[in-house]
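Just so we're on the same page: letters track the sequence lines, and every chain starts at 1.
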Amino acid sequence: MSALQTIKGFADLFEPESTLFTRMEDTARRVFGAYGYKELRIPILEFTELFSRSIGTETDVVQKEMYTFPDRKGRSLTMRPEATAGIMRAYIESGLHGRETVSKLFSFGPMFRYERPQKGRMRQFHQLDCECLGAHEPQADAEVMLMLMFFLKELGLTDLSLELNTLGCRECRPAYKEALTAFFSSLEVDNLCEDCRRRLNTNPLRVLDCKVPACKAMSESAPRLIDHVCGACKDHFDVVIRLMDDRKVPYTLNPRLVRGLDYYMRTTFEVVSTGIGAQGSVAGGGRYDGLVAQLGGPEAPGIGFACGMERLALLLAQQENCAEARPDFYIACLDERAPDVAVAAAETLRSKGLAGEISFAAKGLKGQMRRASSLHVRHCLLLGESELESQTVGIKNMDTGEQVNISLATLGDWAEIRCADKACEHRLGAGAYVSG
RNA sequence: GCGGAUGUAGCUCAGUUGGCAGAGCACCUGGUUGUGGCCCAGGGGGUCGUGGGUUCAAGCCCCAUCAUUCGCCCCA
């Protein structure tokens, strides 16, 4: 343990990862905005009760993964492990439900879960979160999923699969749970893994989700939820599927897809990738019609999803189309008097739209040129003794090796010409990456 | 909470059956070159993650501990 290292599972994000995060946020604002979603920023700390009441007391998240501690007055606070609960709280507390029938909200930021870190899983991780509140219609389910896939496509991610399932509702799920429990109890329960024998009592649906081969084999012939849901749920799901088929968005029906949080019902979905190791699910969500009321709000239905930004970043980093933006200039100071001149010259260049930097200290030519090379700049501006005497600057094109000397007074003109030349290129890091 | 792998120079890593701490890259100085990338010579840099133990002798063997990482679990 040391004051000079990050906490386990907490990371500093430098380039290029930080740029990837910015890109995800920008794309999210643009795409979600096109569907009528408004950005909502919510606190990171909430009263613990908000999470235990919404996520479910029996879930692993609440039981052993939350950062929970008392504040100075002894009230139990928790660093949010997910965003939905906080958005629901804000929705109810603000009275937004009274001013509009449908509310579409998105949010993003850090979440916290005390888990063992591994690839694609941190203790502080980031999620993009969308919630559509006030609509019970299956069209809302379809739109949410279409929006998610559109967002991923806009990021350039296409090699992903959408998995889809329905969980039934409060009316039909209890009967299914009983049927499922009865089914497993009729078999050799001892063949199930230790976890599943426990799940059989707490949450039998999770047995379907188990990855242990023996459990998988046993649940192979288990009764399927889709055959047990009530008429209303069946109708709802049929419309969702028909809409997805109409839009020709590929998906896989996965009867084993079960959400880990208690509040989900009816439509559930998950976006999975094979490219990032064991933590392959990059986004997940579903319908949660009872949640708002359960938290003390009105009877408002809802559907939404959360998207893991670290996992998306892993996929984005694998793409070959990340081209770094090249700075336009580096001013090499070869004389002690040069840095003063360089500060002013650089300001002139930047005011004309060029990007670059200067050496704050005067150093030898060799080191300066190395620095210019490592920065991948297009031009190296040389300020040495002779240039200072004559009030000029040597401009070396780092690609061609050509060098010209121009008067310091005309540096702004040179910059304008350079800018015009490159009018089609992104300026000042506005788009550090070009999509392919 | 459980299991595997890994901690040696600023970075990437070698290090044989236990016997003087190494390479490449990077950095600094000098030389060569018409003003960088090549080449030559030299140089600075290490509590070998940490603490114990075995031994004449430990980077190497044993125990503990911390950290990183990949899985399990769980989840986005």
| request: Would you indicate what A/E82 reaches in the nucleic acid, counting non-hydrogen atoms under 4.0 angstrom: base, sugar-phosphate, or nothing? | output: nothing
| When the distance from CD of A/Q124 to C1' of B/A76 is rounded to whole Å, what number comes out? | 15 Å
| task | Look at all strands and tell whether A/F125 reaches a base, only sugar-phosphate, or nothing, counting heavy atoms closer than 4.0 Å. | result | base
| said: Please name the nucleotide paired to B/G34 by Watson-Crick or G-U wobble geometry with both distances under 3.5 Å, or report none. | reply: none
| message | Quick check: A/F106 with A/F32 (ring centres under 6.0 Å apart)? | response | yes
| said: Is it the case that the ring center of A/H97 lies less than 6.0 angstrom away from the ring center of A/Y91? | reply: yes
| task | Spell out yes or no: do the side chain of A/S373 and the base of B/G36 have one donor N/O and one acceptor N/O closer than 3.5 Å? | result | yes
| task | Describe the nucleic acid contact of A/A372 in one word from base, sugar-phosphate, nothing, applying a heavy-atom distance below 4.0 Å. | result | nothing
| request: Classify the nucleic acid contact of A/M111 as base, sugar-phosphate or nothing, counting any heavy atom under 4.0 Å across all strands shown. | output: nothing
| field | Residue pair A/Y37 / A/C130: nearest heavy atoms and the distance that separates them | value | CE2-CB, 4.1 Å
| note | Closest to the side chain of A/M369, out of B/C75, B/G36, B/A76, is B/G36
| query | CD of A/E131 versus P of B/A76: gap in Å, rounded? | reply | 12 Å
| query | Per the atom types in the model, does the base of B/U69 pair as donor or acceptor with the side chain of A/Q118 at under 3.5 Å? | reply | no
| field | Candidates B/C70, B/C75, B/U35 - which lies nearest the side chain of A/L365 | value | B/U35
| Atom CZ of A/R378 and atom C1' of B/G36: how far apart are they, to the nearest Å? | 18 Å
| remark: Between CZ of A/R371 and P of B/G37 the distance, given in whole Å, is 17 Å
| request: Sticking with atom C1', work out how far B/G44 lies from B/A5, rounded to a whole angstrom. | output: 34 Å
| request: Round to the nearest Å and state the distance from A/F106 atom CZ to B/A76 atom P. | output: 20 Å
| C1' atoms of B/G42 and B/G53, separation to the nearest Å | 43 Å
| field | Nucleotide paired to B/G22 in any strand shown, Watson-Crick or G-U, under 3.5 Å | value | B/C13
| query | If you draw the axis of the six-membered ring of A/F10, does the NZ or CZ of A/R123 fall within 45° of it and under 6.0 Å from the ring centre? | reply | no
| task | Under 4.0 Å between any heavy atoms, over every strand shown, what does A/K8 touch: base, sugar-phosphate, or nothing? Just pick one. | result | sugar-phosphate
| request: With a 3.5 angstrom cut-off on both distances, give the Watson-Crick or G-U wobble partner of B/C61, or none if there isn't one. | output: B/G53
| request: Could you tell me whether A/L128 contacts a base, only the sugar-phosphate backbone, or nothing, with contacts defined as non-hydrogen atoms closer than 4.0 Å? | output: nothing
| task | Please tell me which of A/V282 and A/N405 maps to the more 5' nucleotide of RNA chain B, matching each residue to the nucleotide holding its nearest heavy atom. | result | A/N405
| field | P atoms of B/G59 and B/A9, separation to the nearest Å | value | 14 Å
| said: So if I take every side-chain heavy atom of A/R116 and compare against B/G1, B/G36, B/A76, which nucleotide ends up nearest? | reply: B/G1
| query | When you compare B/G3 with B/C13, how far apart are their C1' atoms, in angstrom units rounded to a whole number? | reply | 27 Å
| message | By nearest heavy atom, map A/I7 and A/N397 onto RNA chain B; which one lands nearer the 5' end? | response | A/N397
| message | Regarding A/E131 and A/T84, do their side chains bring together a donor and an acceptor under 3.5 Å, going by distance alone? | response | yes
| remark: Rounded to whole Å, the CG-P distance (A/L314 to B/C75) equals 20 Å
| query | Say you pick atom P in B/U29 and the same atom in B/U68; how far apart are they, in whole Å? | reply | 37 Å
| Side-chain donor/acceptor of A/Y330 to backbone N/O of A/S373, under 3.5 Å | no
| request: Name the pairing partner of B/G7, where a pair is Watson-Crick or G-U wobble with both distances under 3.5 Å, or state none. | output: B/C66
| said: Looking at B/G44, which nucleotide sits across from it as a Watson-Crick or G-U wobble partner, both distances under 3.5 angstrom, or is there none? | reply: none
| When we call it a touch if two heavy atoms are under 4.0 Å apart, what does A/G285 touch: a base, just sugar-phosphate, or nothing? | nothing
| Pairwise C1' distance, B/G43 and B/G36 [rounded to whole Å] | 22 Å
| field | A/H376 NE2 - B/G36 P separation (whole Å) | value | 18 Å
| message | Tell me whether the side-chain N or O atoms of A/R121 pair up with the base of B/C70 as donor and acceptor below 3.5 Å, since no angle test is needed here. | response | no
| request: With P as the reference atom in both, quote the distance from B/G22 to B/C48 in angstrom, rounded to an integer. | output: 14 Å
| message | Could you check whether A/R256 pairs with A/E163 (Lys NZ or Arg NE/NH1/NH2 to Asp/Glu carboxylate O, under 4.0 Å)? | response | no
| query | Rounding to a whole Å, what distance do you find between A/F269:CZ and B/A76:P? | reply | 11 Å
| query | If we ignore angles and hydrogens, is there a donor and acceptor under 3.5 Å between the side chains of A/T78 and A/T68? | reply | yes
| field | Side chain of A/K119 - closest among B/U35, B/A76, B/G71 | value | B/G71
| query | When you compare B/G49 with B/U12, how far apart are their P atoms, in angstrom units rounded to a whole number? | reply | 15 Å
